Amino acid sequence: MTSQSRTATIVQLGIAQTLAWASSYYLPAILAVPMARDLGVSTPTVFAAFSAALVVSALLGPAAGKAIDRHGGRPVLAANSLVFAAGLVMLALAQGPVGLFAGWVILGIAMAGGLYEAAFAALVHLYGKDARGAITGITLFAGFASTVGWPLSAWLELEWGWRATCLAWAALHLLLGLPLNWRLPASPALPVSPAPAEAHADAARPETAASTPSGSATRTAVLLALVFAVTWFISTAMAAHLPRLLQAHGVPLATALIFAGLVGPAQVAGRLLEYGLLRNVHPLVSARVAGSLHTLGAMAFLFFGVPAGAVFTLLHGAGNGVLTIAKGTLPLVLFGVRDYGARQGLLMVPARFAQATAPWLFGLAIDRFGAGALWFSAALGLVAFAALMLLQDASSAKH
């Protein structure tokens, strides 16, 4: 496949991913309050429905990944454009909590096979072990999902209401997302787990063999799942509570909003660094560096206070940006391309559950400890960093 066609694929999938994230993950931040007011429920009920969608996504993720392994990314991602549209239409038609939860459950089905994990699997399906650059490329696009999605949702809601906003996002999935996903290149299925009689012969093929020996595969998988769960918990907790957390440590509201706004650009900067200077560095090395940044920034903020607030948000954002890429590249380099989609789905199950509980649990921590809640996230960052360091032993056990 030529570099031009690869670039076109990255652009198509990047735009489709931006749409998918903006119309699902980033939707409640803008629409939760008007949804709750119109439907006669509390705002936490809307977020509970969103958490239910994340749980559904966690449970169905492995099946979605397996489908991509067998059929390629194009049909799965295109089908999920239709499911995204159906979920958004259901939300627009909701008249109470039943319709609200039904809409979010459908969106959870779409999120299982329509967000990063599915897109990463689609790229591995197309490019095999050379997919790292393409994975980084689509995260550069989708890194702007909140930048595009929040203002657009806010404007649509202000002009026409939240129901029309949901219908507009549904229309975009049909008119933009579906054609972009359907135009992805077709490719033969990735190698899937062989029958027992074929396993010995396939193990000798370097293009399908995993980087991690079978004896350490379980340990490596557990460590990776732990890293992903911890980092997604921190990322979601910060996304939900960062301005409030900054204020709890003495940062004025206006300044807190400015500091929090640095996270998005820092994420993109981290991904650009990964795409440029770090593209020839082993993903495990860049993941270790990124895994330490939240804790380093948190400690600086805790010890030096308001003057270090911008340092904290910049380090957190840069680390989170690189770790998003690591979620796609580490399973590839440690396990290889065989069963990548199904494995990716399994590895992300704990992360989705952690993501679903993060806003509530970290909110309780802030209620109880104020700025001291940052010690909790800093400690979790150390856990992720330690697990990444242990992965060196797991991946080199064959030597």
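Note that this is a predicted model, so its numbers are computed, not measured.
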(request) Go through Gln355 and Phe233 one step at a time and tell me if the side chain to side chain contact (heavy atoms under 4.5 Å, CB included) criterion holds. (result) CA-CA 5 Å; Gln355 186 182 32; Phe233 182 94; over 6 Å; no
(request) Decide side chain to side chain contact (heavy atoms under 4.5 Å, CB included) for Ile15 and Leu176; before the verdict, give the C-alpha distance in whole Å, the side-chain angles of both, and the deciding distance to 0.1 Å. (result) CA-CA 9 Å; Ile15 294 172; Leu176 181 62; 4.3 Å; yes
(message) Could you walk me through whether Thr45 and Ser42 satisfy the side-chain hydrogen bond (donor to acceptor under 3.5 Å, both in side chains) test, starting with their C-alpha distance in whole Å, then the side-chain angles of each, then the deciding distance to 0.1 Å, before giving a yes or no?
(response) CA-CA 5 Å; Thr45 299; Ser42 66; 2.8 Å; yes
(request) Evaluate the criterion side chain to side chain contact (heavy atoms under 4.5 Å, CB included) for residue pair Tyr127 and Arg6; output intermediate values, then yes/no. (result) CA-CA 9 Å; Tyr127 306 123; Arg6 179 179 291 216; 3.2 Å; yes
(request) Show your working on side chain to side chain contact (heavy atoms under 4.5 Å, CB included) between Leu19 and His173 and close with a plain yes or no. (result) CA-CA 7 Å; Leu19 171 59; His173 275 287; 3.8 Å; yes
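No donor-acceptor distance shorter than 3.5 angstrom exists from the side chain of Gln12 to the backbone of Gly177, with no hydrogens or angles considered. No side-chain donor-acceptor contact under 3.5 Å links Thr255 to the backbone of Val251. Not one N or O on the side chain of Arg132 forms a donor-acceptor pair closer than 3.5 Å with the backbone of Thr329. For the pair Asn320 (side chain) and His316 (backbone), a donor-acceptor distance under 3.5 Å is absent. Remark: the backbone N or O of Ser292 is not paired with any side-chain donor or acceptor of Thr295 at under 3.5 angstrom. Although no hydrogens or angles enter the test, the distance criterion places no donor-acceptor pair under 3.5 Å between the side chain of Ser153 and the main chain of Ile30. With Ser57 contributing its side chain and Ala53 its backbone, the two residues share no donor-acceptor pair below 3.5 Å. One N or O on the side chain of Thr231 and one on the backbone of Val227 form a donor-acceptor pair closer than 3.5 Å. No donor-acceptor pair closer than 3.5 Å links the side chain of Thr313 to the backbone N or O of Val263.
Using a 4.5 Å cut-off between side-chain heavy atoms of Ile, Leu, Val, Met, Phe, Trp and Tyr, with links allowed through other members, Val333 and Phe228 fall into the same hydrophobic cluster. Under a hydrophobic clustering in which Ile, Leu, Val, Met, Phe, Trp and Tyr are joined whenever their side-chain heavy atoms come within less than 4.5 Å, directly or via other members, Ile366 and Met299 fall into the same cluster. Grouping the Ile, Leu, Val, Met, Phe, Trp and Tyr side chains by contacts below 4.5 angstrom, directly or via other members, places Leu156 with Met35. Hydrophobic clustering of Ile, Leu, Val, Met, Phe, Trp and Tyr side chains at less than 4.5 Å, counting indirect connections, unites Leu60 with Val83. When the side chains of ILVMFWY residues are joined at heavy-atom separations under 4.5 Å, either directly or via intervening members, Val56 and Leu82 end up in two distinct hydrophobic clusters.
In plain terms, the two heavy atoms of Phe101 and Ala49 that are nearest each other are CE2-CA, 3.5 Å. When all heavy atoms of Tyr340 and Pro331 are compared, the closest pair comes out as CE1-CB, 4.0 Å. The nearest pair of heavy atoms linking Pro350 to Leu346 is CD-O, 3.6 Å. Nearest heavy-atom pair across Ala290 and Leu323 is CB-CG, 3.9 Å. Here the closest heavy-atom approach between residue Gly114 and residue Leu77 is recorded as CA-CD2, 4.1 Å. For the pair Ala221 and Leu347, the tightest heavy-atom approach, listed with the atom from each and the gap, is O-CD2, 3.4 Å.
Counting heavy atoms from C-beta outward, Val322 and Leu273 have side chains that stay 4.5 Å or more apart. Between Val349 and Leu59, the closest side-chain pair of non-hydrogen atoms is not below 4.5 Å. Using a 4.5 Å heavy-atom threshold, the side chains of Leu91 and Leu107 count as touching. Looking at Leu245 and Met238, their side chains come closer than 4.5 Å, going by heavy atoms from C-beta outward. The closest side-chain heavy-atom distance from His249 to Val306 is not below 4.5 Å. Here the side chains of Pro75 and Asn181 are not in contact, with every heavy-atom distance at 4.5 Å or above. Leu332 places a side-chain heavy atom less than 4.5 Å from the side chain of Val337. At a threshold of 4.5 Å between non-hydrogen side-chain atoms, the residues Thr220 and Phe335 count as touching.
Electrostatic pairing of Arg352 and Glu117 counts as a salt bridge here, judged by a charged N lying under 4.0 Å from a carboxylate O. Salt bridge annotation for Arg163-Asp38: present, with a cationic side-chain nitrogen under 4.0 angstrom from a carboxylate oxygen.
Between atom CD1 of residue Ile135 and atom CD1 of residue Ile325 there is a gap of 9.0 Å, rounded to the nearest 0.5 Å. Note that the NZ atom of Lys66 and the CG atom of Asp339 stand 8.0 Å from one another [nearest 0.5 Å]. For the atom pair Ile68 CD1 and Arg74 CZ, the distance stands at 13.5 Å (nearest 0.5 Å). Between the CG atom of Leu31 and the CZ atom of Phe50 there is a distance of 12.0 Å, given to the nearest 0.5 Å. Note that CG of Asn80 is 9.0 Å distant from CD1 of Ile109, once rounded to the nearest 0.5 Å. To the nearest 0.5 Å, the span separating OG on Ser286 from CG on Leu330 amounts to 7.0 Å.
With ring centers used as reference points, Phe84 lies 6.0 Å or more from Trp169.
Using the six-membered ring where Trp is involved, Phe301 and Phe312 have ring planes that are parallel, under 30° apart on the 30 and 60° scheme.
For the pair Arg288 and Phe385, the cation-pi criterion (under 6.0 Å, within 45° of the ring axis) is not fulfilled.
Looking only at atom types and distance, the side chain of Thr139 has no donor-acceptor partner in the side chain of Thr136 under 3.5 Å away.
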